[in-house]
There are 2 protein chains.
Amino acid sequence: MSSQDLANFVGVNSWQIRKDFSYFGGFGTRGVGYDTRKLTKQISKILKLDVVRKAALVGVGNLGSAVLAYPGFKMFGFEIAAAFDINSKKVGRKIKDIKIEDVSRLRTLKKRKINLAIIAVPGDAAQQTADSLVKAGVRGILNFSPCYLAMPKNVKVITTDIAMDLARLPYYMPTS
Amino acid sequence: MSSQDLANFVGVNSWQIRKDFSYFGGFGTRGVGYDTRKLTKQISKILKLDVVRKAALVGVGNLGSAVLAYPGFKMFGFEIAAAFDINSKKVGRKIKDIKIEDVSRLRTLKKRKINLAIIAVPGDAAQQTADSLVKAGVRGILNFSPCYLAMPKNVKVITTDIAMDLARLPYYMPTS
DNA sequence: CTATGTGAATTTATTCACAGCA
DNA sequence: TGCTGTGAATAAATTCACATAG
């Protein structure tokens with residue numbers, strides 16, 4: 001498959017594909033193109049997606065439940081291996097083979113070798129949740145709360161807010 | 001409030017704040033700083049977030065339900081004004097004052113002055129859903145399906161995938 | 001005196017064009 | 001001959017430093 005083909009798939013130019021790949025080495029064969037099977041493996045390795053990783057979910061509300069039910073994680077080698085909530089009525093319940101635990105048990109994450117977490121709690125609880133996660137050894141946080149999280153810099157945080165994503169649209173839309 | 005204060009809030013440098021603002025004009029007062037009230041209004045106008053906008057949701061599964069329940073939209077002046085699903089068991093049901101309609105009724109969006117939509121359907125239905133939306137006059141789409149949508153270029157699409165967001169974390173995390 | 005706004009310097013990213021390998 | 005990989009050229013973004021307004 002040529003860089004032109006790849007470019008068509010993702011909507012960029014062919015030279016962007018080639019230049020980007022070149023920063024990590026030569027992935028293709030001149031005159032032929034790229035072996036997509038090899039390419040996928042190499043990129044997975046670069047992005048550190050070549051091992052199965054366990055992640056914890058904190059906050060099993062509407063959004064958290066949707067996260068638990070989302071089938072797309074295994075495509076990237078992720079497994080939601082634990083779920084936590086502060087609501088005692090939810091604790092103990094099972095969703096998709098995951099038993100919901102009390103947030104006090106977040107400290108067990110280190111022993112369980114879970115160093116990724118998804119925060120889906122109300123905004124005013126996000127910072128303290130994040131602090132607990134870091135204490136428990138978590139090094140990467142996907143934050144669905146619409147707020148900035150102050151974190152030590154050895155912890156990577158990605159914040160994503162549905163409403164803010166929607167808010168980006170009007171700017172690019174024609175006329176009112 | 002000074003550019004330094006604003007910078008601290010969002011975790012960037014003060015000159016980045018000032019430079020970015022300067023591209024749109026002088027928002028502050030020398031020696032004093034920025035009037036946050038005015039600033040918010042001016043930025044809202046630039047981002048076209050100064051009017052209330054109606055959006056439609058397509059796909060009321062786990063993720064769609066979470067979207068309907070999400071309280072954060074009104075902060076940006078959005079209102080989820082309609083919800084659609086293909087499942088006849090869901091059609092007619094009410095969630096948060098929104099009655100779920102059959103997808104065949106997507107064509108009514110133009111009359112209802114709704115030109116923003118959120119797609120939360122399975123990946124294999126995303127493209128045709130998007131096509132229907134465009135036919136109905138929608139000009140901005142927030143796409144939660146993990147796939148590229150081919151669209152006329154007067155339609156702005158923002159695709160966001162929970163799993164892909166999570167997948168960005170390992171690259172930045174230290175060791176293994 | 002203080003904090004903005006902005007030219008100038010620097011760094012980074014994008015685009016081009018083609019040498020070089022299969 | 002065809003398509004990659006990459007230097008060189010161009011464009012854009014970031015950072016600096018300071019004149020200037022309040």
Side-chain angles (χ1 to χ4, degrees), chain A residues 1-50 148-151 153-154 156-160 164-165 167-173, chain B residues 1-50 148-151 153 156-160 164-165 167-174:
Chain A
M1 177 168 282
S2 72
S3 55
Q4 185 58 63
D5 297 331
L6 291 165
N8 291 339
F9 270 106
V10 294
V12 298
N13 300 98
S14 62
W15 65 74
Q16 290 176 314
I17 296 280
R18 294 201 302 279
K19 177 62 96 177
D20 286 356
F21 286 177
S22 80
Y23 287 121
F24 295 97
F27 293 159
T29 311
R30 292 179 197 232
V32 180
Y34 299 90
D35 177 343
T36 46
R37 195 163 194 78
K38 265 192 210 164
L39 191 60
T40 305
K41 266 199 193 116
Q42 283 171 117
I43 294 176
S44 286
K45 198 164 194 175
I46 291 165
L47 300 179
K48 298 191 188 168
L49 296 173
D50 55 338
Y148 171 77
L149 296 179
M151 286 282 120
K153 62 181 176 305
N154 63 335
K156 176 68 180 177
V157 177
I158 290 178
T159 297
T160 179
M164 201 172 285
D165 287 335
R168 289 169 54 201
L169 286 172
Y171 183 77
Y172 299 98
M173 285 163 55
Chain B
M1 178 168 283
S2 73
S3 56
Q4 184 58 63
D5 297 331
L6 291 165
N8 291 341
F9 270 107
V10 293
V12 297
N13 301 98
S14 62
W15 65 76
Q16 291 176 314
I17 296 280
R18 294 201 302 277
K19 177 61 97 177
D20 287 355
F21 286 177
S22 80
Y23 287 120
F24 296 96
F27 293 160
T29 311
R30 293 181 197 229
V32 179
Y34 299 91
D35 176 343
T36 46
R37 194 163 195 79
K38 266 193 211 164
L39 192 59
T40 305
K41 267 200 192 115
Q42 283 171 117
I43 293 176
S44 286
K45 197 164 195 176
I46 291 166
L47 300 178
K48 298 190 188 170
L49 295 173
D50 54 340
Y148 171 76
L149 295 179
M151 285 282 119
K153 61 181 175 307
K156 175 69 180 176
V157 177
I158 290 178
T159 296
T160 179
M164 200 171 285
D165 287 335
R168 289 169 54 201
L169 286 172
Y171 183 77
Y172 298 98
M173 285 163 55

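Just so we're on the same page: letters track the sequence lines, and every chain starts at 1.
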* Structure fact -> Going 5' to 3' through nucleotides 7-13 of chain C and flagging B where a protein heavy-atom sits under 4.0 Å of the base, S where only the sugar-phosphate is that close, and - otherwise, we get BB-----

* Between atom CZ in B:Phe21 and atom C1' in C:dG5, what is the gap in whole Å? -> 12 Å

* State which residue, out of A:Arg18, A:Gln16, A:Lys19, fulfils the side chain to side chain donor-acceptor pair (under 3.5 Å) condition with A:Ser3. => A:Arg18

* Does the side chain of B:Asn8 come under 3.5 Å of the side chain of B:Gln4 through a donor N or O and an acceptor N or O? -> yes

* Take atom CG of A:Asp20 and atom P of D:dT4, then tell me their distance rounded to the nearest Å. => 14 Å

* Asked: Just checking A:Ser3: base, sugar-phosphate only, or nothing, at a heavy-atom cut-off of under 4.0 Å?
  -> sugar-phosphate

* To do: Please report, rounded to the nearest Å, how far the C1' atom of C:dG5 is from the CG atom of B:Leu6.
  => 15 Å

* Measure the spacing between CG of B:Asp165 and OG1 of B:Thr160 and express it to the nearest 0.5 Å. => 4.5 Å

* Audit row: A:Phe21, A:Ile43, side-chain contact (heavy atoms from CB on, under 4.5 Å) steps and yes/no -> CA-CA 9 Å; A:Phe21 286 177; A:Ile43 294 176; 4.0 Å; yes

* Asked: Got a sec? Which of residues 28-40 of chain A come in under 4.0 Å of DNA chain C, heavy atoms?
  -> A:Thr29, A:Arg30

* Reported OG1-to-CZ distance for the pair B:Thr36 and B:Phe9, which is rounded to 0.5 angstrom -> 9.5 Å

* Asked: How close or far is atom P of C:dG5 from atom CZ of B:Phe27, stated in whole angstroms?
  -> 9 Å

* Nearest 0.5 Å please: distance from the CG atom of A:Asp50 over to the NZ atom of A:Lys41. => 11.0 Å

* Structure fact -> Taken to the nearest 0.5 Å, the spacing of B:Ile158 CD1 from A:Arg168 CZ works out to 4.0 Å

* Asked: Between B:Trp15 and A:Trp15, which has a closest nucleotide on DNA chain C that is more 5'?
  -> B:Trp15

* Asked: Side-chain contact, heavy-atom cut-off 4.5 Å: B:Gln42 with B:Tyr34?
  -> no

* Asked: With a 4.0 Å cut-off on heavy atoms, is A:Gln16 in touch with a base, just the backbone sugar-phosphate, or nothing at all?
  -> sugar-phosphate

* Structure fact -> dist B:Ile17:CD1 -> B:Asp5:CG (nearest 0.5 Å) comes out at 10.0 Å

* Separation of D:dA21 C1' from B:Arg18 CZ (nearest whole Å) -> 14 Å

* Asked: Quick one: A:Ile17 CD1 to C:dT15 P, roughly how many Å, whole number?
  -> 13 Å

